[in-house]
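Following: one structure in structure tokens, then a few remarks.
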2 protein chains.
Amino acid sequence: MTGQAAITGIGQTEFTKASGRTVLSQCVEASTKAIRDAGLEPADIDGIITYTFDTNDEIAVQRSLRIPELRWTSRTPFGGELSYATFQLAAAAVASGAANHVLIYRAFNERSEARFGQPNANAQAADLEQREFYRGFGLNTPAQVYGLWYRPYLDRYGVTSADLGAYVVQARDYAATNPLAWFHNRPLTLEEHQASRWIVEPVLRKLDCCMETDGGIAFIVSFLSHARASTRPVVRILAAEQLWLHGSEVMYNYYQPDLTAQASTERLAANLWRASGLSPAEIDVMTIYENFSPIVPMSLEAYGFCKPGEGRELINSGGIGRGGVIPVNTNGGLLGEAYIHGLNNVTEAVRQLRGSAANQVAGARTALVTGRHCAMLLARE
Amino acid sequence: MTGQAAITGIGQTEFTKASGRTVLSQCVEASTKAIRDAGLEPADIDGIITYTFDTNDEIAVQRSLRIPELRWTSRTPFGGELSYATFQLAAAAVASGAANHVLIYRAFNERSEARFGQPNANAQAADLEQREFYRGFGLNTPAQVYGLWYRPYLDRYGVTSADLGAYVVQARDYAATNPLAWFHNRPLTLEEHQASRWIVEPVLRKLDCCMETDGGIAFIVSFLSHARASTRPVVRILAAEQLWLHGSEVMYNYYQPDLTAQASTERLAANLWRASGLSPAEIDVMTIYENFSPIVPMSLEAYGFCKPGEGRELINSGGIGRGGVIPVNTNGGLLGEAYIHGLNNVTEAVRQLRGSAANQVAGARTALVTGRHCAMLLARE
């Protein structure tokens, strides 16, 4: 079943801080562009997939796009935690014959309306039950919840705020030369990062946190034979995995024996490598769902690009930068380009494999896309 | 891909009007029973699927059941409209290799907490945008919304309240001999049906409306080779389809050229027959998601068991009863057994194919399960 699906279309709106538009109109704009990008018509689309947190009703999207008939609709639970599991669902839909071309979308006014970075802003969260245990202790925002998780890791391996800043400077370097990025033409110095105010002291400065963005992104996932009929390079989904170990929570569960270990991510990585038949040495470009900067060294380690504790060194030595051994978030990532619940990192991976990225990695043929509870391996055919 | 999945486990709670328990505890009870019924352990389960309307967090269910690792989670949009599409998703999950054994669940206190039959009760509905167009005209409950749709059909074919009563009497006849049914030992006469008060005059009496129930139901869907290793009869999913035509709404869209036609259901039926390779003559038992009685004759017609307008005659002549040409809702259906968002009709179909139903259809080998925007064909191997 592996590898029977391909990403054939990508589309997006402008990324803004105040779109002044409905979320649905942004969803439809991104979707229309993705359908066109795939060389398809709305009548070719027969499946729709999004997140449970998305507010765009499938039926409203279908009506707006004038899709005659849908034979598959489904949602991944929660929000960004399963961003890339939408592709797992889409791959299963087309591989099982339930659909030929599936539209994936995510759109929100996450800066101008409900801000994820604010306390209680994400009131639609399905995990309120668990979070009630934490709120009383002041853990009301993702920065607070994740900051507490990162700290033991940072302490154990001596990762400093300046080490995290090295990633942020790299991300902004990529963003500066990416015309689609919010921080286009605005590179950052380490000094500026170090002057950024604390959000969760001594872990996260403001510039360690991802942006809040208004916008929409959409993709088309097609059965492989349809993708091969297209004139574009074929971007196959070699593997798409999600993972919830017992004791997981949507954001983080502190009741684990070793908070510096990454059992869940390492298991997810192992499943992905096994399913795809690839290894870290064969990956040309990587994206990391860096809602916060510490997850970058942690992910480099968990996915096997270096040993535990060596992520900071890999970053400081330029290993994830231009010409590095594993370029990471070449679009600027969620800190430099935009935060559309992680999907803009998939757009970047597709562009890299098509050879059309702003910061193109020469000859990129494989891309690893990682998130909190999901990951995906793409390959140019 | 068709037929690579099987339903290997079923489980349920008691059906009540006031469970006095949390929804999660009912979900976990039903799930535990389904896992045991499949001859499995929680550690065998690697996928979870439910509806977006379900309030049971996948992570909470995983924690409660002590499932070590989940590699697939997804939800079908809305509630009962896509009840059986959960099996389409599960079949794709196991057929694509993403999971081996998927748990499907649905649990609620739909009588003692949020009542679907009351105005505004279903505030979680994703389709509020559309429904705002109707609410101002008094269409606040499913009975009101659907009642307006049924009326042109009933008028065109001269279907009377007594014709609908014939179905209800038949459903209650089945329920009376089903120990799991709410109306066990309580058959109904046509006179009693005709004395039932109007909910939407002159279409729906109280006894034409499905029940409101507290309870939970769960299933295990397994990859076919795993199912064959079990000692139980193998119940294959020959086909599971969902369908949204352009212009659909979650409940009903009145802006259609002919309100007495059933374009959507007929198209869904055609897709299902094509996918399964079966025809109406080959079906041994059928379940219909009869949230309201008029959908029974309409479905018999749309699925090809009789011609348009002849559904009432098929029912009045005993065609759906014991020994009839196509026994329907042999558990008592949603009017006689319970209303767990339609899933209890799947439990009945599985029991029929296992040969263990209270009102067993002798030698049943195929079962058709139909809903508003989804349908499924099951077969005993």
Side-chain angles (χ1 to χ4, degrees), chain A residues 1-2 4-5 24 42-43 48-50 52 55-60 62-63 65-78 82 85-86 88-89 91-99 126-130 240-250 253 264 267-268 271 275 373, chain B residues 1-2 4-5 24 42-43 48-50 52 55-60 62-63 65-78 82 85-86 88-89 91-99 126-130 240-250 253 264 267-268 271 275 373:
Chain A
M1 189 54 49
T2 295
Q4 291 302 299
L24 180 60
I48 283 183
I49 292 173
T50 186
T52 57
T55 60
N56 299 286
D57 186 315
E58 291 83 351
I59 299 171
Q62 175 186 22
R63 184 191 307 117
L65 292 172
R66 300 181 187 273
I67 296 172
E69 180 174 332
L70 289 175
R71 291 178 65 184
W72 176 287
T73 60
S74 66
R75 294 189 176 222
T76 51
F78 317 118
L82 286 183
T86 51
Q88 179 195 31
L89 270 52
V94 300
S96 70
D127 65 327
L128 287 177
E129 185 187 319
Q130 293 107 284
E241 294 274 335
Q242 60 170 294
L243 184 73
W244 297 94
L245 293 185
H246 183 263
S248 295
E249 292 199 0
V250 174
N253 174 14
S264 175
R267 175 71 179 169
L268 178 59
N271 289 346
H373 286 284
Chain B
M1 189 54 49
T2 295
Q4 291 302 299
L24 179 60
I48 284 183
I49 293 172
T50 185
T52 57
T55 60
N56 298 286
D57 186 314
E58 290 84 351
I59 299 172
Q62 176 187 23
R63 183 192 306 118
L65 292 172
R66 300 181 186 273
I67 296 173
E69 179 174 332
L70 289 175
R71 292 178 65 185
W72 176 288
T73 60
S74 65
R75 294 188 176 223
T76 51
F78 316 117
L82 286 182
T86 51
Q88 179 195 30
L89 270 52
V94 301
S96 69
D127 66 327
L128 287 177
E129 184 187 321
Q130 292 107 285
E241 296 273 334
Q242 59 171 297
L243 184 73
W244 298 95
L245 293 184
H246 182 264
S248 293
E249 293 198 359
V250 175
N253 174 14
S264 175
R267 175 71 180 171
L268 177 60
N271 290 346
H373 287 284

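In this text the structure is predicted, and so the values were computed from the model without any measurement. Just so it is clear: chains get the letters A, B, ... in the order the sequence lines come, proteins before strands, and each one is counted from 1.
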### Under 4.5 Å from any heavy atom of chain A - which part of Arg267(B)
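When you check distances to chain A, only side chain atoms of Arg267(B) fall under 4.5 Å.
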
### Atom group of Leu82(B) that falls short of 4.5 Å from chain A, counting heavy atoms
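Interface part for Leu82(B): side chain.
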
### Query
Is there a donor-acceptor pair under 3.5 Å between the side chain of Gln4(B) and the backbone N or O of Ser96(A)?
no

### Task
Ignoring hydrogens and angles, tell me if any N or O in the side chain of Gln62(B) forms a donor-acceptor pair with the backbone of Trp244(A) under 3.5 Å.
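Side chain of Gln62(B) to backbone of Trp244(A), a donor-acceptor pair under 3.5 Å: yes, one is there.
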
### Query
Taking the side chain as C-beta and beyond, is there a heavy-atom pair between Glu249(B) and Arg63(A) under 4.5 Å?
yes

### Task
Heavy atoms only, distances under 4.5 angstrom: which of Thr76(A), Ile67(A), Ile49(A), Leu245(A) has the most pairs with chain B? Name it, please.
Leu245(A)

### Exercise: identify the closest heavy-atom pair between Ser248(B) and Ile59(A)
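Heavy atoms only, the tightest pair is O-CG2, 3.0 Å.
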
#### Entry: Spacing of Arg66(A) atom CZ and His246(B) atom NE2 [to the nearest 0.5 Å]
5.5 Å

### Query
Which residues pass the side-chain hydrogen bond (donor to acceptor under 3.5 Å, both in side chains) test with Asn271(B), sequence neighbours left out?
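Checked Asn271(B) against side-chain hydrogen bond (donor to acceptor under 3.5 Å, both in side chains); matches are Glu69(A), Arg274(B).
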
### Message
Can you list everything that forms a side-chain hydrogen bond (donor to acceptor under 3.5 Å, both in side chains) with Thr73(B)? Sequence neighbours excluded, please.
### Response
Gln242(A)

